[in-house]
Amino acid sequence: MGDTGTTPSATPTARPATTPATAPTATWAAFEKAEPELAAAVRERFGQYTHHALATLRKDGSPRLSGIEADFRDGGLWLGMMPNSRKALDVRRDPRFSLLANPGEGTGMGGGDVRLSGRAVEITDPETLAWYAREAGAPQPFHLFRVELTEVVRTSVEGEDLVVRAWAPGRPVRTVRRGTDDSPPRVEPGDGRDRRGRP
């Protein structure tokens, strides 16, 4: 496994008093470098559909779900939003979010169930905004956010097992298998430990 992809978290100018201590974050490119196999599966899953589900926090702390497109471009994962949309105002106030890949039709879970969590860092640099508008064909004006990951989770069915693979910056992928009976979940050997072998 390569670089774990840990980067310092961006600190917003205003943070609610209830926000917990900042966790390590990683760019999409750092995640791809650290865990290329999982990153490829996640990106493929998001690529199956255009629209996905974004969870943000309202001003009162309650959750909000919104539709959104996820754009993988130039080594980053980008979220573009309409000016002053509710979801944009949410992440401007509190950058924490979760993004669920569109589950699609039926119950087949083709490609598994994929969720990303992290912080949405707003990009205000005019040159970057112009580049994104040009590359993505996005009509201006818009809000642009770069995703900084705190967790990536993929849940899939393998044989009779429900398999959950989870990654966080600075840690390898943790794989947990759960059968159809009431047996306890099984953690694959060696998973869930940092580079010094600590749980």
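For clarity, every value in this text was computed on a predicted model and none was experimentally measured.
Atom CZ of residue R43 and atom CH2 of residue W28 lie 7.5 Å apart, to the nearest 0.5 angstrom. Note: R154 CZ to L116 CG = 12.5 Å, rounded to the nearest 0.5 Å. Distance check, rounded to the nearest 0.5 Å: CZ of F72 to CD of E32 gives 8.0 Å.
Taking 4.5 Å as the limit, some side-chain heavy atom of V42 sits within range of a side-chain heavy atom of V152. The shortest side-chain heavy-atom distance between L79 and I68 falls under the 4.5 Å cut-off. Using a 4.5 Å heavy-atom threshold, the side chains of M82 and P141 count as separate. Taking the side chain as every heavy atom from C-beta outward, V157 and L162 approach each other to under 4.5 Å. Contact of the L100 side chain with the D113 side chain is registered, since non-hydrogen atoms from C-beta on lie closer than 4.5 Å.
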> Could you walk me through whether N102 and Q48 pass the side-chain contact (heavy atoms from CB on, under 4.5 Å) check?
Replying inline: CA-CA 8 Å; N102 189 325; Q48 292 179 19; over 6 Å; no
>> Could you go through V163 and T175, starting from their C-alpha distance and side-chain angles, then the distance that decides it, and tell me whether this counts as side-chain contact (heavy atoms from CB on, under 4.5 Å)?
In response: CA-CA 7 Å; V163 181; T175 302; 3.8 Å; yes
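Within 6.0 Å of CZ in R73 there are more than 12 heavy atoms belonging to other residues, nucleotides or ligands. Counted within 6.0 Å of CD on E135, heavy atoms from surrounding residues, nucleotides or ligands total more than 12; the atom is thus considered enclosed.
Residue L54 comes nearest to M81 through the heavy atom pair CD2-CE, 3.9 Å, listed as atom of the first residue, atom of the second, then distance. The two atoms that bring S98 and S117 nearest to each other are OG-OG, 2.8 Å, heavy atoms only. Smallest separation of non-hydrogen atoms from R178 and P185: NH2-CG, 3.3 Å. Between L149 and F31, the shortest heavy-atom contact is CD1-CB, 3.8 Å. In terms of heavy-atom proximity, T124 sits nearest to L129 at O-CD1, 3.8 Å. Closest non-hydrogen pair, A101 versus R45, comes out as CB-CG, 4.1 Å.
No continuous path of ILVMFWY side-chain contacts below 4.5 Å connects V153 to L38, so the two sit in separate hydrophobic clusters. No continuous path of ILVMFWY side-chain contacts below 4.5 Å connects V147 to L57, so the two sit in separate hydrophobic clusters. Placement of L89 and F97 in two distinct hydrophobic clusters is found when ILVMFWY residues are connected by side-chain heavy-atom separations under 4.5 Å, directly or transitively. Under the 4.5 Å side-chain contact rule for hydrophobic residues, L77 and F46 share a cluster.
Between E158 and R177 there is a salt bridge, with a side-chain nitrogen of the basic residue lying less than 4.0 Å from a carboxylate oxygen of the acidic one. With respect to R186 and D161, a salt bridge is recorded, a charged nitrogen being found less than 4.0 Å from a carboxylate O. Residues E151 and R115 are paired through a salt bridge, judged by an N-O separation under 4.0 Å between the basic side chain and the carboxylate. The pair D60-R58 fails the salt-bridge criterion, with no side-chain N (NZ, NE, NH1 or NH2) lying under 4.0 Å from an Asp/Glu carboxylate O.
Partners of F142 by ring pair (Phe, Tyr, Trp, His ring centres under 6.0 Å), not counting sequence neighbours, listed by chain and number: Y132.
No donor-acceptor distance shorter than 3.5 angstrom exists from the side chain of H51 to the backbone of E69, with no hydrogens or angles considered. No donor-acceptor pair under 3.5 Å is formed between the side chain of W78 and the backbone N or O of F145. Distance alone, capped at 3.5 Å, places no donor-acceptor pair between the R64 side chain and the K87 backbone.
Checking T56 against D90 by side-chain atom types alone, a donor-acceptor pair falls below 3.5 Å. Residues E127 and W131 have side chains that never bring a donor and an acceptor to within less than 3.5 angstrom of each other. Counted by atom type alone, H143 and E122 present one or more donor-acceptor pairs between their side chains at under 3.5 Å.
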